[in-house]
Amino acid sequence: MPELPEVETVRLTLLPLIKNKKIISVDIFYENIIKNASVLEFKEKLINQTFLDILRFGKYLVFVFENSFLISHLRMEGKFYLKHNENKDIHEHVRFYLDSGETLRYNDVRKFGTMNIFSNISLTDLLKIKPLNQLGYEPFDPKLNSTYLKNKFKHSNRPIKSMLLDQSIIAGLGNIYVDEVLFLSKINPLKKAKDINEEQLQLIIDSSIDTLLKAIKLGGTTIHSFSSDGISGKFQNELLVHTKNTCPICRSNILKIKVGGRGTYFCPVCQKGKGDAI
DNA sequence: GCCGTCACCTGTGGGC
DNA sequence: TGCCCACAGGTGACGG
């Protein structure tokens with residue numbers, strides 16, 4: 001399930017493969033992937049456009065063309081492949097034919113991924129409209145500090161885990177990494193956001209940066225099916241609590257509960273705190 | 001405004 | 001062996 005490190009890995013892997021290549025045709029096999037345009041409009045805005053760059057904002061990929069931006073969210077299982085042959089995978093939903101003779105394929109088993117196309121707009125203006133204007137700061141952004149989080153959290157009764165998953169507060173963290181960050185910060189995922197003190201907020205920020213940088217370095221996490229151009233990440237070997245049975249610190253049994261509808265792993269001993277429900 | 005729930009999807013695995 | 005069903009999860013929409 002692509003989170004910030006996985007999306008960054010896709011960006012880094014894909015960019016040298018498609019940069020300066022022109023789209024000569026587009027096939028769409030599942031129209032619901034395209035959210036803000038008809039199939040015809042989508043094709044018209046991309047054909048004869050050249051890939052200039054790939055940017056990333058949170059978990060969104062932004063393909064940069066001369067006159068357009070294609071915003072792609074991989075959601076749960078979206079993947080991009082560059083292929084030469086014509087064989088179509090059952091889960092292939094969009095195909096971009098390039099002037100190099102290759103094809104860029106978008107593959108998504110659960111069809112959750114989205115694509116939005118924007119034309120004749122500057123990057124500055126693109127950042128001012130949905131979906132990119134909904135994003136909070138990334139952990140690497142200096143503006144994401146304990147004061148910022150304190151202001152966001154101070155009136156909230158929601159569990160800290162739900163708040164960290166909220167992309168309008170912190171952009172880029174997903175279910176796996178939030179579990180890891182809370183374990184490193186020794187904070188119970190059910191603890192109310194307003195009860196997190198300033199020292200713990202700083203710990204959350206520091207742990208988020210450390211975890212994400214390490215994951216990017218290892219090419220992300222491959223738990224189920226994530227990959228970019230067929231490459232698998234190695235961060236799953238470094239996970240401390242997510243999908244684990246035993247705490248690596250105190251050897252207690254890791255508990256699995258639901259928080260905000262999400263499967264949540266934590267150590268009830270290392271992550272014990274006032275107000276905990278477990 | 002805040003917060004919880006549901007829908008979107010399909011492969012997987014457990015139970016019968 | 002085969003069928004059924006719960007579950008996985010990021011995000012947006014919706015309702016209380």
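Residue numbers begin at 1 in each chain, while the letters A, B, ... track the order of the sequences.
- Considering only side-chain N and O atoms, A:K59 lies under 4.0 angstrom from the phosphate OP1 or OP2 of C:dT11.
- Distances from the side chain of A:K130 to the nucleotides C:dT11, C:dA13, B:dC3 place C:dA13 closest.
- Using a 4.5 Å cut-off on side-chain heavy atoms (C-beta onward), A:L82 and A:L104 make contact.
- What separates NZ of A:K35 from C1' of C:dG10 is a distance of 12 Å, to the nearest Å.
- Rounded to an integer number of Å, the gap from CZ of A:R75 to P of C:dG12 is 6 Å.
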Hey, mind stepping through A:D27 and A:T103 against side-chain contact (heavy atoms from CB on, under 4.5 Å) and telling me if it holds?
CA-CA 10 Å; A:D27 276 341; A:T103 50; over 6 Å; no
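- Side chain A:R262 to base C:dA8: no donor-acceptor pair is found below 3.5 Å.
- If you take CD1 of A:I169 and P of B:dC2, they are 9 Å apart, rounded to a whole angstrom.
- In this structure, A:H155 does not reach the B:dG1 phosphate: none of its side-chain N or O atoms is under 4.0 Å from OP1 or OP2.
- Among the heavy atoms of the strands lying under 4.0 Å from A:N157 are primed sugar atoms or P, OP1, OP2 only; no base atom is included.
- Phosphate proximity of C:dG12 to A:H73: absent, as no side-chain N or O sits under 4.0 Å from OP1 or OP2.
- To the nearest angstrom, P of C:dG10 lies 22 Å from CZ of A:F57.
- What separates CD of A:E77 from C1' of C:dG9 is a distance of 9 Å, to the nearest Å.
- Regarding contacts with the backbone of C:dT11, a side-chain N or O of A:Q167 is found under 4.0 angstrom from either OP1 or OP2.
- Rounded to a whole Å, the CD1 atom of A:I257 is 16 Å from the C1' atom of C:dA8.
- For the pair A:K256 and C:dA8, the criterion of a side-chain N or O lying under 4.0 Å from OP1 or OP2 is met.
- No engagement by A:K194 is indicated, since no non-hydrogen atom pair under 4.0 Å with the nucleic acid exists.
- At C:dG10, none of the side-chain N or O atoms of A:Y60 fall inside 4.0 Å of OP1 or OP2 (strictly under the cut-off).
- When distances are taken from the side chain of A:V109 to each of B:dG11, B:dC3, C:dG10, the shortest belongs to B:dG11.
- Side-chain contact annotation: A:S185 with A:Q200, donor-acceptor N/O pair under 3.5 Å absent.
- Taking atom CE of residue A:M76 and atom P of nucleotide B:dA7, one finds them 17 Å apart after rounding to whole Å.
- The shortest distance between side-chain heavy atoms of A:Y177 and A:L4 does not fall below 4.5 Å.
- Distance CD (A:E31) to P (B:dC8): 17 Å, rounded to an integer number of Å.
- Neither side chain, A:N145 nor A:K150, offers a donor N or O lying under 3.5 Å from an acceptor on the other.
- DNA chain B is contacted by both A:H91 and A:S156; A:S156 maps to the nucleotide lying nearer its 5′ end (nearest heavy atom per residue).
- Taking 4.5 Å as the limit, every side-chain heavy atom of A:F80 sits out of range of all side-chain heavy atoms of A:I18.
- Between A:K111 and B:dT10 there is a side-chain polar atom (N or O) within less than 4.0 angstrom of OP1 or OP2.
- Among the nucleotides C:dT11, B:dC3, C:dA8, the one closest to any side-chain atom of A:R110 is C:dA8.
- A:K258 comes within 4.0 angstrom of the backbone, heavy atoms only, and of no base.
- Here A:F112 does not lie in a stacked arrangement on the base of C:dT11, lacking the combination of planes under 30° and ring centres under 5.5 Å apart.
- Within 4.0 Å of A:T114, counting heavy atoms only, lies no atom of the nucleic acid at all.
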